[in-house]
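Reviewing the structure listed below.
Predicted, not measured: the structure shown is a model, and the values here were computed from it. Below, chain A is the first sequence line, B the second, and so on; all start at residue 1.
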There are 2 protein chains.
Amino acid sequence: MPNEPRWLSAREDRAWRAFKHASYQLDVRLSRELLQDSGLTQADYEVLAVLSDPSVERMSAQDLCATLTWEKSRLSHQVRGMQKRGLIAREPNPDDARSVVVRLLPAGRRAIEEAAPAHVEHVRQHFIDLFSPAELDTIATLNERVLRQLADEPSEAER
Amino acid sequence: MPNEPRWLSAREDRAWRAFKHASYQLDVRLSRELLQDSGLTQADYEVLAVLSDPSVERMSAQDLCATLTWEKSRLSHQVRGMQKRGLIAREPNPDDARSVVVRLLPAGRRAIEEAAPAHVEHVRQHFIDLFSPAELDTIATLNERVLRQLADEPSEAER
DNA sequence: CGCTAGTGGTTGACTCCTCAACCATAACAC
DNA sequence: GTGTTATGGTTGAGGAGTCAACCACTAGCG
């Protein structure tokens, strides 16, 4: 890499590389494990996780987008696939004829209930169980700082 | 989410969500910014970053794969595209007729030298500058623990 | 009302990545 | 040597996500 004005110091570079690498590898590993022992992708799992909350069950597409921080076209494609597999249903929204409500079907509930224990176990194995309670709090605090900064300084495209 | 045997506690859930969310959002933001102000994808940037190291300049495809922890087919597709754009060249390897050596071309060097300052600045803005030196060390240590665990316990597919 | 602007959602084209199949060459066994 | 296995790399099909264009409906303003 070329030398630049505000280049990263060794300490900064180490932190950045470790963070980037760890999150990438973790994502790859968990995706594969989830898919192998449940047939669900991470996207499937996230949608089902939201809808399977007892206080939810049905949710408009826009609210799902907001909850997942997904683009609406992504959700649309995703929902089409999950509908074809019988995991969820699309229903008209009585309050707004433009809107669509997504409902969890029994097969979808079964799918996430079967997938969740193994998935959580993998999250523990590769992440949670490596840290003390105090370290978990540190992780939460530091990462929330990143999220807040991103939210406070919206990207060019959103301004 | 259904109640499961070893479900996550509130503290565990907070750390896991913050980590997952922050790394995802950061990736999305940095990718977009990089593409907008340099025309390079993250994949382009990573390849160029490796090759532009003064001590490198040319590297066999297999070594590139190992350095980037990429699959060989991904590198092959990626290299084809970057070759078409004149950023790098493919050369035969005199030591092994099966092998291919990737060489950085002047246009590739120019591309990363132009892209790097702004990209590093964004990495600082969204990540590095949010933390004290001690916090950066903590981030490095904790994330390296994740990486080590993943490396020590290879996935089903690799065993 | 009637127009216009905004919102909710879908679609299709394109890019990126993975996986499995494949080809050529190299390394090893006998 | 010859046959077998392993390695380096490419290819094509298919899944997943983004973007821009579009349609239908709603809401706000005159």
Side-chain angles (χ1 to χ4, degrees), chain A residues 24-25 27-36 39-47 58-85 87-103 155-158, chain B residues 24-25 27-36 39-47 58-85 87-103 155-158:
Chain A
Y24 173 69
Q25 300 283 11
D27 189 59
V28 168
R29 180 70 67 94
L30 287 172
S31 295
R32 228 187 350 228
E33 289 172 339
L34 178 62
L35 187 60
Q36 279 177 352
L40 297 177
T41 64
Q42 293 227 71
D44 296 333
Y45 189 92
E46 284 180 56
V47 170
R58 12 193 333 289
M59 197 182 246
S60 72
Q62 55 191 326
D63 290 346
L64 255 181
C65 277
T67 305
L68 297 166
T69 57
W70 281 13
E71 298 205 352
K72 56 187 184 172
S73 74
R74 177 179 181 186
L75 185 70
S76 182
H77 288 303
Q78 179 70 31
V79 162
R80 186 167 48 75
M82 294 178 73
Q83 185 180 23
K84 203 179 311 180
R85 289 186 286 152
L87 301 175
I88 57 180
R90 260 208 209 87
E91 303 175 353
N93 186 342
D95 300 344
D96 187 337
R98 294 168 298 181
S99 177
V100 164
V101 171
V102 180
R103 171 194 295 281
S155 70
E156 202 68 30
E158 289 157 351
Chain B
Y24 173 68
Q25 300 283 11
D27 189 58
V28 168
R29 179 72 67 92
L30 286 172
S31 296
R32 230 191 344 233
E33 288 172 340
L34 178 62
L35 187 60
Q36 278 176 354
L40 298 177
T41 64
Q42 294 227 71
D44 296 332
Y45 189 92
E46 283 180 56
V47 170
R58 14 196 328 290
M59 197 183 249
S60 71
Q62 54 190 328
D63 290 346
L64 256 181
C65 278
T67 305
L68 297 166
T69 58
W70 280 14
E71 298 204 352
K72 57 188 183 172
S73 75
R74 178 179 180 186
L75 185 70
S76 181
H77 288 304
Q78 179 69 32
V79 162
R80 187 168 48 73
M82 295 178 71
Q83 185 179 24
K84 203 180 308 182
R85 288 185 287 152
L87 301 175
I88 58 180
R90 261 210 208 87
E91 303 175 351
N93 185 342
D95 300 345
D96 185 338
R98 294 167 299 180
S99 177
V100 164
V101 171
V102 180
R103 171 194 296 281
S155 69
E156 200 70 29
E158 290 158 348

Rounding to a whole Å, what distance do you find between [X]:[atom1] and [N]:[atom2]?
| X | N | atom1 | atom2 | answer |
| --- | --- | --- | --- | --- |
| B/L75 | D/dG8 | CG | C1' | 11 Å |
| A/K84 | D/dA16 | NZ | P | 11 Å |
| B/D63 | D/dG8 | CG | P | 9 Å |
| A/E46 | D/dA16 | CD | P | 13 Å |
| A/Q78 | D/dG15 | CD | P | 13 Å |
| B/Q42 | D/dG17 | CD | C1' | 15 Å |

The side chain of A/A97 lies closest to which of these nucleotides: D/dT11, D/dT26, D/dC19?
-> D/dT26

Heavy-atom check, side chain of A/V47 versus side chain of A/W70, under 4.5 Å = yes

Base, sugar-phosphate alone, or nothing: which one does A/S76 contact when heavy atoms must sit under 4.0 Å apart?
-> base

Pick base, sugar-phosphate or nothing for A/S73, based on heavy-atom distances below 4.0 Å to the nucleic acid.
-> base

Please determine which of A/L64, A/V102, A/V101 meets the side chain to side chain contact (heavy atoms under 4.5 Å, CB included) test together with A/M59.
-> A/L64

Expected list for residues 87-94 of chain A: side-chain donor-acceptor pairs under 3.5 angstrom, two or more places apart:
from  : atom 1 : to     : atom 2 : distance (Å)
A/R90 : NH1    : A/Q83  : OE1    : 2.4
A/E91 : OE2    : A/R103 : NE     : 2.4
A/N93 : OD1    : A/D95  : N      : 2.9
A/N93 : ND2    : A/S99  : OG     : 3.2

A/S60: partners by side-chain hydrogen bond (donor to acceptor under 3.5 Å, both in side chains), with sequence neighbours left out = A/D63

Qualifying salt bridge (Lys or Arg N to Asp or Glu O under 4.0 Å) pairs with a residue from residues 69-85 of chain A, counting only residues at least two apart or across chains = A/D44-A/R85

Chain B contact limits on DNA chain C, taken 5' to 3' with a cut-off of 4.0 angstrom to heavy atoms | C/dC16 to C/dA26

Kindly state which residues belonging to residues 64-72 of chain B come within less than 4.0 angstrom of DNA chain C, counting heavy atoms of the residue only, listed by number.
-> B/E71

Which residue lies more 5' along DNA chain C, comparing A/H77 with A/S60 via nearest heavy atoms | A/S60

When you match A/D95 and A/A43 each to their closest nucleotide on DNA chain D, which lands nearer the 5' end?
-> A/A43

Pull out every protein N or O sitting under 3.5 Å from an N or O of nucleotides 1-7 of chain D, one pair per line with the distance.
from  : atom 1 : to    : atom 2 : distance (Å)
D/dT7 : O2     : B/R98 : NH1    : 2.7

